[in-house]
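Computed from a predicted structure; not experimentally measured.
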Amino acid sequence: LMRLTDYAGGHIASGKVDFRRKNGEVIDIAKASQGTMRDIRGNDISMIFQEPMTSLNPVYTVGDQIAETVRLHQNLLRRDAHQRAIEMLDAVGIPVPDQRVNEYPHQFSGGMRQRVMIAMALACKPDVLIADEPTTALDVTVQAQIFDLISALREQTGTAVVLITHDMGVVAEMTDRVAVMYAGRIVEEGLVTAVLESPLHPYTRGLIECSPGRRTTAIGEPLTEIPGSVPSLLERGAGCAFADRCKDVQDRCRQSLPD
């Protein structure tokens, strides 16, 4: 969606992704030029990356890094951009933002660094926010705080959130719709209540059964597991990639994809 694969030797082989910008213009971002994508990234579509310490630059203050985004996309003066950075730190719940805006990433805890990343991502009021495992390596209490913050900001700003996660509990609590992916393909999608209450694909059922909150085994017994491992995408055939791990597999599963 951000077309960052272009910089890692990847390309979009086929398909389209229509995106309606704030001015009403519809752009197929699968085919848009890099100049257009540079204008869209951070301005219309923003992203919270998985690990904030590798996403934030250690030699610049957090205020400078937030201000850079709004100066680049919204042509604000340095003074106004600095004030916007303070406002965004305040919006994501960082105390004494007028002081902490001048501090460096290493002076923040893991949860606070992730709040800085959210402030940076939302500084230009994007239409879409991509959150890629936004609570990795954070303790459970801080995870809950970050998800509550994202939910509150979503309600306040109207920004749509695309959440990438393997935690089915988070899916149940945070999302309206869910797409379950396996080996690079969507195997099931729909309203989150329908998918979680009546999962159709064996992989979706396996994910739910693996969740500690849905365990069907007695205390002291191992959790349910999905046997085997994910196949190489280079060796993925025409059939269902989950076939070798599926207890419900049929011959036709190896020939064509199920509905």
Side-chain angles (χ1 to χ4, degrees), residues 1-89 91-92 101 104-105 113-134 136 150 153-154 156-165 175 177 179 181 184-186 189 233-234:
L1 288 173
M2 300 278 279
R3 289 273 301 280
L4 297 178
T5 50
D6 294 4
Y7 297 97
H11 70 282
I12 296 176
S14 62
K16 64 186 302 187
V17 184
D18 284 336
F19 177 72
R20 186 183 299 275
R21 303 193 71 182
K22 294 181 178 73
N23 61 7
E25 179 186 13
V26 178
I27 294 177
D28 179 3
I29 57 177
K31 299 181 177 64
S33 68
Q34 279 300 336
T36 299
M37 289 307 301
R38 278 193 294 272
D39 188 38
I40 288 175
R41 289 188 203 106
N43 195 34
D44 297 287
I45 305 176
S46 287
M47 186 163 180
I48 307 171
F49 290 92
Q50 195 170 38
E51 175 45 64
M53 205 54 195
T54 58
S55 302
L56 292 169
N57 192 320
V59 300
Y60 289 96
T61 66
V62 298
D64 283 343
Q65 294 182 66
I66 297 171
E68 179 185 33
T69 302
V70 291
R71 288 180 62 200
L72 175 66
H73 289 294
Q74 300 191 349
N75 298 316
L76 293 185
L77 297 174
R78 185 181 296 274
R79 179 183 65 254
D80 295 332
H82 182 77
Q83 183 59 38
R84 174 72 67 83
I86 295 174
E87 293 169 0
M88 291 308 303
L89 290 179
V92 297
V101 72
Y104 292 85
R113 283 196 293 267
Q114 198 60 289
R115 288 173 184 264
V116 171
M117 289 296 299
I118 294 171
M120 188 184 304
L122 294 176
C124 293
K125 300 179 180 178
D127 293 315
V128 177
L129 173 66
I130 302 171
D132 178 16
E133 294 278 9
T136 296
I150 293 174
L153 293 172
R154 179 183 61 187
Q156 294 167 15
T157 64
T159 296
V161 178
V162 178
L163 176 65
I164 303 163
T165 181
T175 65
R177 294 186 61 84
M181 296 188 71
R185 287 190 176 123
I186 294 176
E189 63 180 309
L233 298 186
L234 298 176

**Asked** Please walk me through it: do L122 and L129 pass side chain to side chain contact (heavy atoms under 4.5 Å, CB included)?
**Response** CA-CA 8 Å; L122 294 176; L129 173 66; 4.1 Å; yes

**Message:** Are V128 and F19 packed together at the side-chain level, in the sense that at least one heavy-atom pair is separated by less than 4.5 angstrom?
**Reply:**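 The answer is yes, as the side chains (C-beta and beyond) meet within the 4.5 Å cut-off.
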
**Prompt:** Can you find a pair of side-chain heavy atoms, one from L153 and one from I118, that are under 4.5 Å apart?
**Reply:**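 Yes, at least one pair of side-chain atoms sits under 4.5 Å.
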
Donor-acceptor under 3.5 Å ([X] side chain, [Y] main chain):
{"X": "Q65", "Y": "L56", "answer": "no"}
{"X": "T159", "Y": "P126", "answer": "yes"}
{"X": "T5", "Y": "G10", "answer": "no"}

**Request:** Flag yes if more than 12 heavy atoms outside Q50 fall under 6.0 Å of its CD atom; otherwise flag no.
**Result:**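 Counting neighbours around CD of Q50, more than 12 heavy atoms of other residues, nucleotides or ligands fall under 6.0 Å, so yes.
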
**Prompt:** Above 12 or not: heavy atoms from other molecules or residues under 6.0 Å from CZ of R185?
**Reply:**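 More than 12 heavy atoms, drawn from other residues, nucleotides or ligands, come within 6.0 Å of this atom.
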
Check [X] against [Y] and note the closest heavy-atom contact, atom names and distance.
{"X": "I66", "Y": "A119", "answer": "CD1-CB, 4.0 Å"}
{"X": "Y60", "Y": "P105", "answer": "O-CD, 3.4 Å"}
{"X": "I48", "Y": "P134", "answer": "CG2-CB, 4.3 Å"}
{"X": "G63", "Y": "A85", "answer": "O-CB, 3.7 Å"}
{"X": "S55", "Y": "M117", "answer": "CB-CE, 3.6 Å"}
{"X": "M37", "Y": "A32", "answer": "SD-CB, 4.0 Å"}

**Message:** Using the side-chain contact (heavy atoms from CB on, under 4.5 Å) definition, which of the options D127, I27, V26 pairs with R21?
**Reply:**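 That would be I27.
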
**Request:** Among V92, V70, T69, find the residue that satisfies the side-chain contact (heavy atoms from CB on, under 4.5 Å) test when tested with M120.
**Result:**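 Among V92, V70, T69, the one that satisfies the side-chain contact (heavy atoms from CB on, under 4.5 Å) with M120 is T69.
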
**Message:** Between Q74 and N43, does the side chain to side chain contact (heavy atoms under 4.5 Å, CB included) criterion hold? Intermediate values first, please.
**Reply:** CA-CA 8 Å; Q74 300 191 349; N43 195 34; 4.3 Å; yes

[atom1] of [X] to [atom2] of [Y]: how many Å apart, nearest 0.5 Å?
{"X": "R78", "Y": "R71", "atom1": "CZ", "atom2": "CZ", "answer": "4.0 Å"}
{"X": "M2", "Y": "I130", "atom1": "CE", "atom2": "CD1", "answer": "5.5 Å"}
{"X": "L89", "Y": "R115", "atom1": "CG", "atom2": "CZ", "answer": "11.0 Å"}
{"X": "D28", "Y": "K16", "atom1": "CG", "atom2": "NZ", "answer": "5.5 Å"}
{"X": "L76", "Y": "C124", "atom1": "CG", "atom2": "SG", "answer": "8.0 Å"}
{"X": "R41", "Y": "R3", "atom1": "CZ", "atom2": "CZ", "answer": "7.5 Å"}

**Request:** Step by step, work out the side chain to side chain contact (heavy atoms under 4.5 Å, CB included) result for T157 and K125.
**Result:** CA-CA 7 Å; T157 64; K125 300 179 180 178; 5.9 Å; no

**Item:** Residue pair Q34 / Y7, side-chain donor-acceptor N/O under 3.5 Å
**Value:**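 Their side chains do contain a donor-acceptor pair, which is all the 3.5 Å distance test asks for.
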
**Message:** If we count only N and O atoms by modelled type, under 3.5 Å, do the side chains of T36 and D39 hold a donor and an acceptor together?
**Reply:**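 Checked: T36/D39 side chains show no N/O donor-acceptor pair below 3.5 Å.
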
**Message:** Is there a side chain to side chain contact (heavy atoms under 4.5 Å, CB included) between D80 and R84? Walk through the geometry before answering.
**Reply:** CA-CA 6 Å; D80 295 332; R84 174 72 67 83; over 6 Å; no

